Amino acid sequence: LGLITQIGLPNYLQSQAPVGDYGGAFVSSTIGEGPKTFNPYNSKDATSSTMSELMFDGLVTTDAKTGEVIPKLAKSFDISPDGKTYTFHLRKGIKWSDGRPITADDVYFTWKDIIFSGIGNPSTRDSLLIDGKLPEIKKLDNYTIRFITTKPFAPLLRILSAPIAPKHVFVSIVKKGPKAFESFWGTTTNPKDFVVSGAFKLKEYLPAQRVVYERNPNYYAINLNGEKLPYLDKVIYLIVGDLNNEILKFEAKELDTIS
């Protein structure tokens, strides 16, 4: 993964993979009844987490080849020699799917007002407690955010891959309290209402049938030719009910993958 740094252009994430072809859909599947929410901070099951987190990126991710933690929404990060201070420098010029800029305000709000407050599913917050204390978070400027721990804590960096929320969409719901937040971005939400940072955005959800995502034209990744990613027009999850149905659909070539 590289970084485009031409003056006046956004800090795009450049894939180092061979250049591919545009178009088409990738069809996968999920066993069970389908997602219970599309809010990644409310999810309490694996299917809902997969379906919601597909639409959002975090500060970092894991390199598929090396297994190392690498920048995602962040263009770079620094760890202090004592292992207690993590400073993230965000990509400038990248946008939410509605055209609003992605800034340190979104990162600070997500961690301080959603995750650290324990609203929704508190498991991410609980996993960051160090001797009963949460890390301190500071916004240094519009594109720099810092986390400070009381002592070195190895899991922190990977936990910071948690999805970042658009503050301008979530702030009014958070102010209304846990009950309003619990129902926000549920399975009956109009797909047009979703504002995302990830490669794909919800297009259609048909209960017990399928979940369809379409490409996010504002996604900040590009290929080696400088062309916007993703390549796919759609990602589709068929809700197959059980393992036998999943195998039958794969054998009938209705699925592109099975695990």
Side-chain angles (χ1 to χ4, degrees), residues 25-59 72-73 94-103 105-125 161-221 230 232-241:
F26 183 80
V27 185
S28 188
S29 59
T30 181
I31 294 174
E33 300 176 353
K36 297 177 175 61
T37 182
F38 289 106
N39 183 340
Y41 312 101
N42 276 335
S43 174
K44 298 177 179 66
D45 64 279
T47 298
S48 296
S49 294
T50 298
M51 299 297 165
S52 59
E53 291 178 4
L54 179 65
M55 298 187 284
F56 299 93
D57 286 350
L59 290 171
K72 195 75 182 281
L73 283 177
I94 65 174
K95 300 176 181 179
W96 294 101
S97 58
D98 65 355
R100 296 279 290 267
I102 300 174
T103 71
D105 284 333
D106 299 303
V107 179
Y108 184 89
F109 170 79
T110 298
W111 283 96
K112 187 72 173 180
D113 295 334
I114 298 179
I115 297 176
F116 286 175
S117 73
I119 197 169
N121 184 348
S123 59
T124 302
R125 178 202 62 182
S161 65
I164 299 303
K167 178 181 178 181
H168 63 286
V169 175
F170 273 75
V171 65
S172 60
I173 297 299
V174 169
K175 288 180 179 178
K176 291 180 180 178
K179 188 173 182 180
F181 192 82
E182 190 71 27
S183 61
F184 186 62
W185 277 5
T187 55
T188 60
T189 302
N190 188 330
K192 294 181 180 179
D193 292 340
F194 288 89
V195 176
V196 308
S197 62
F200 295 94
K201 179 182 178 182
L202 186 67
K203 178 179 176 63
E204 177 187 53
Y205 171 52
L206 293 177
Q209 295 184 50
R210 63 180 179 270
V211 185
V212 181
Y213 299 88
E214 60 184 349
R215 70 193 308 270
N216 172 12
N218 280 340
Y219 195 51
Y220 56 93
L232 292 168
D233 292 328
K234 295 179 182 178
V235 171
I236 301 171
Y237 282 91
L238 300 184
I239 301 170
V240 297

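Since we're looking at a predicted model, the values are computed, not measured.
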Is the shortest side-chain heavy-atom distance between Tyr41 and Pro163 below 4.5 Å? yes

Under 3.5 Å, is there a donor-acceptor pair linking the side chains of Ser43 and Ser48? no

Can you give me the closest heavy-atom contact between Leu202 and Met55, atom names plus distance? N-SD, 3.4 Å

So does Glu204 have more than 12 non-hydrogen atoms from other groups sitting under 6.0 Å from CD? yes

From Ile31 atom CD1 to Leu238 atom CG, the distance as rounded to the nearest 0.5 Å: 12.0 Å

Which word best sums up how the rings of Phe38 and Tyr205 line up, parallel for under 30°, tilted for 30 to 60°, or perpendicular for over 60°? perpendicular

Between Leu59 and Val107, is any pair of side-chain heavy atoms under 4.5 Å apart? yes

Mind listing the closest non-hydrogen atom pair of Gly118 and Pro122 along with its distance? O-CB, 3.9 Å

Testing Val171, Ile164, Thr103 for side-chain contact (heavy atoms from CB on, under 4.5 Å) with Phe109, which one passes? Val171

Rounded to the nearest 0.5 Å, the CD atom of Glu33 sits from the OG1 atom of Thr187 at a distance of 11.5 Å

May I ask you to test the Val169-Arg100 pair for a side-chain heavy-atom distance under 4.5 Å? no

As an exercise, state the distance from CD1 of Ile119 to CG of Asn42, rounded to the nearest 0.5 Å. 8.0 Å

About how many Å separate OG1 of Thr124 and CZ of Phe116, when rounded to the nearest 0.5 Å? 10.0 Å

Does the side chain of Phe194 come within less than 4.5 Å of Asn216's, by heavy atoms? no

Are the side chains of Pro191 and Lys203 in touch, meaning some heavy atoms are under 4.5 Å apart? no

Can you tell me if OH on Tyr108 sees more than 12 non-hydrogen neighbours from other groups inside 6.0 Å? no

Are Tyr213 and Lys234 packed together at the side-chain level, in the sense that at least one heavy-atom pair is separated by less than 4.5 angstrom? no

Is the closest side-chain heavy-atom distance between Tyr237 and Thr47 below 4.5 Å? no

Donor-acceptor pair, distance only, cut-off 3.5 Å: does the side chain of Asp106 make one with the backbone of Lys167? yes

Whether the Thr37 and Asn39 side chains hold a donor-acceptor pair (N or O, under 3.5 Å, no angle test) is what I'd like checked. no

Could you tell me whether a side-chain N or O of Asp193 sits under 3.5 Å from a main-chain N or O of Trp185, the two making a donor and an acceptor? no

Between Ser161 (side chain) and Gly58 (backbone), is there a donor-acceptor pair under 3.5 Å? no

Check: Leu73 and Tyr220 side chains under 4.5 Å, non-hydrogen atoms: yes

Ring pair (Phe, Tyr, Trp, His ring centres under 6.0 Å) for Phe170 and Trp96? Distances and angles first, verdict last. CA-CA 13 Å; Phe170 273 75; Trp96 294 101; 8.9 Å; no

At their closest point, which heavy atom of Ala162 faces which heavy atom of Trp111, and how far apart are they? CB-CZ2, 3.8 Å

Could you pull out the closest heavy-atom pair between Met51 and Thr30, with the gap in Å? CE-CG2, 3.8 Å

Heavy-atom pair of closest approach, residues Pro166 and Phe56: CD-CE2, 4.1 Å

